Amino acid sequence: MSAHKFSSDAEIITFVLEHTQLQGDPNSFVVSEIGDGNINFVYRVSAADGKSMIVKQALPYVRIIGEGWPLSLDRIRIEAEALSLEGQYAPDYVPELYHFDSARAALVMQDIGDHENLRHALIARKPLPELGRHLGLFLANTLFYTSDLALDAHARKAMLGRFINPDLCKITEDLFFLDPYCDHERNNYNPLLADDVQALWQDEPLKAEVAELKYRFLNHAEALVHGDLHAGSVFVRSDSTQIIDPEFAYFGPIGFDVGSIIGNLLLNHCAQNGLTSDSTIRNEYQMALRTNLTELWQTFAETFSALMAEKTVDQTLQSSLWQQQRLAQILSDSLGYAGTELIRRTIGLAGVADLNEIADENVRAASERQALKLGVELIKSREQLRSFDDVLTLLTTV
Ligand code: SR1
Ligand code: MG
């Protein structure tokens with residue numbers, strides 16, 4: 001057990017009372033552990049009057065694996081700094097950070113408990129009319145304002161230095177780009193997919209494309225990316241979207257964030273085939289998902305293009321022809337990374353409830369197969385898919 005870990009509820013309450021405006025008799029507060037993520041410990045501290053805060057603490061290992069998978073505590077500093085920058089550039093879409101304490105490897109932030117985890121909302125087919133637009137705005141603003149387009153050359157390099165995040169990047173390097181493409185012990189897939197998985201491992205053209213995507217992940221330091229923008233990192237109400245957990249943040253390809261969340265919405269689209277047998281309900285929700293996807297990309301593309309045209313500080317990068325090429329490259333990168341997210345969530349270590357909650361393994365296998373095929377197609381065809389409509393057409397052909 002780690003020395004800095006909170007050893008009692010009383011310590012967590014004291015931490016919150018010392019570092020926030022929450023006040024009162026410590027005995028009147030209640031602490032509940034609410035984290036169901038893979039890596040950290042998360043607590044809600046509630047006062048008798050209903051006010052509450054969230055405390056997140058990092059330990060020097062992966063929570064779901066234990067001390068056998070060590071992990072740098074610096075990730076919580078990175079999370080706090082990323083949250084604070086995202087709050088500067090997209091204040092409507094991130095919870096407020098109240099305090100970060102490096103000795104405790106812990107932070108305190110706004111409780112967004114009136115929101116629901118996006119993955120659960122998608123599985124329950126909740127209407128989310130603003131989701132695509134909100135995600136597009138979050139992505140365009142955080143990614144533009146932390147890029148060379150917006151920042152002074154020195155300030156930007158100094159910022160990049162604060163987000164060297166080797167341990168968390170290594171998780172992504174392995175789980176996205178290595179494990180699913182070989183017979184790795186960390187993989188975890190439905191035995192009914194054995195033939196499909198074998199075919200994937202032998203698909204050399206696919207593996208060359210995945211190598212290119214990994215190379216870009218390693219070398220294309222375009223902007224401060226969230227780095228883990230899956231449905232579990234997003235909380236929603238019908239009128240609000242909040243993005244949390246940027247502990248994987250680093251300077252990487254813009255398309256990695258855009259593609260990760262697109263991949264999660266596509267994954268849910270595949271899963272809906274198995275989550276309900278009522279075709280009317282299913283078709284209606286899948287149509288809403290496609291609208292969300294279209295709005296996400298359109299909002300991102302329009303906002304990012306407008307920011308490039310109006311706010312680019314670097315004179316060389318003001319070329320409008322180059323800016324159009326940049327957007328086209330972001331689209332193809334995004335589709336490639338969406339493909340890797342679909343594949344790794346289907347057969348890799350970190351599976352998702354969208355698929356895992358399909359009880360019948362044959363029905364589940366059909367959704368999983370579609371996710372795999374869609375992932376492969378997105379990776380291989382990403383340069384040819386010139387519009388988002390082309391992408392949605394794929395959903396009817398794979
Ligand atoms: C061992 S960590 C597994 C996954 O959980 C995180 O949220 C990331 O998505 C990571 O790939
Ligand atoms: Mg996370």
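Numbering of ligands and ligand atoms starts at 1, following listing order. This structure is a prediction, so every number in the text was calculated from the model and none was measured. Each residue takes its place number in the sequence, starting with 1. Values below: every heavy atom of this structure, side chains too, minus hydrogens, waters and symmetry copies.
Scanning all protein heavy atoms for the shortest distance to atom 1 (C) of ligand 1 gives Val62 CG1, 3.8 Å. Asn38 ND2, 3.5 Å is the protein heavy atom nearest to atom 3 (C) of ligand 1. Looking only at heavy atoms of the protein, atom 8 (C) of ligand 1 is closest to Asp228 OD1, 3.2 Å.
Ligand-side atoms of ligand 1 in range of Leu175: 3 (C), 11 (O), range being under 4.0 angstrom from any heavy atom.
The ring of Tyr250 has its center closer than 6.0 angstrom to the ring center of Phe217. Ring pair Tyr93/Phe138: centre-to-centre distance not below 6.0 Å. Aromatic ring centres of His19 and Phe15 lie closer together than 6.0 Å.
Counting heavy atoms of neighbouring residues, nucleotides and ligands inside a 6.0 Å radius, atom NZ of Lys51 does not exceed 12 of them.
Rounding to the nearest 0.5 Å gives a distance of 11.0 Å between CG of Leu275 and SG of Cys270.
Contact annotation for Phe248 and ligand 1: only side-chain heavy atoms (C-beta onward) come within less than 4.0 Å of the ligand. The proximity of Arg345 to ligand 1, defined as any non-hydrogen pair under 4.0 Å, is limited to the side chain. When heavy-atom distances to ligand 1 are checked against a 4.0 Å cut-off, Arg344 comes that close only through its side chain, counted from C-beta outward.
With a 6.0 Å cutoff to the six-membered ring centre and a 45° limit on the axis angle, Lys5 counts as a cation-pi contact of Phe41.
Among the atoms of Trp69, none of the N or O lies under 3.5 angstrom from an N or O of ligand 1.
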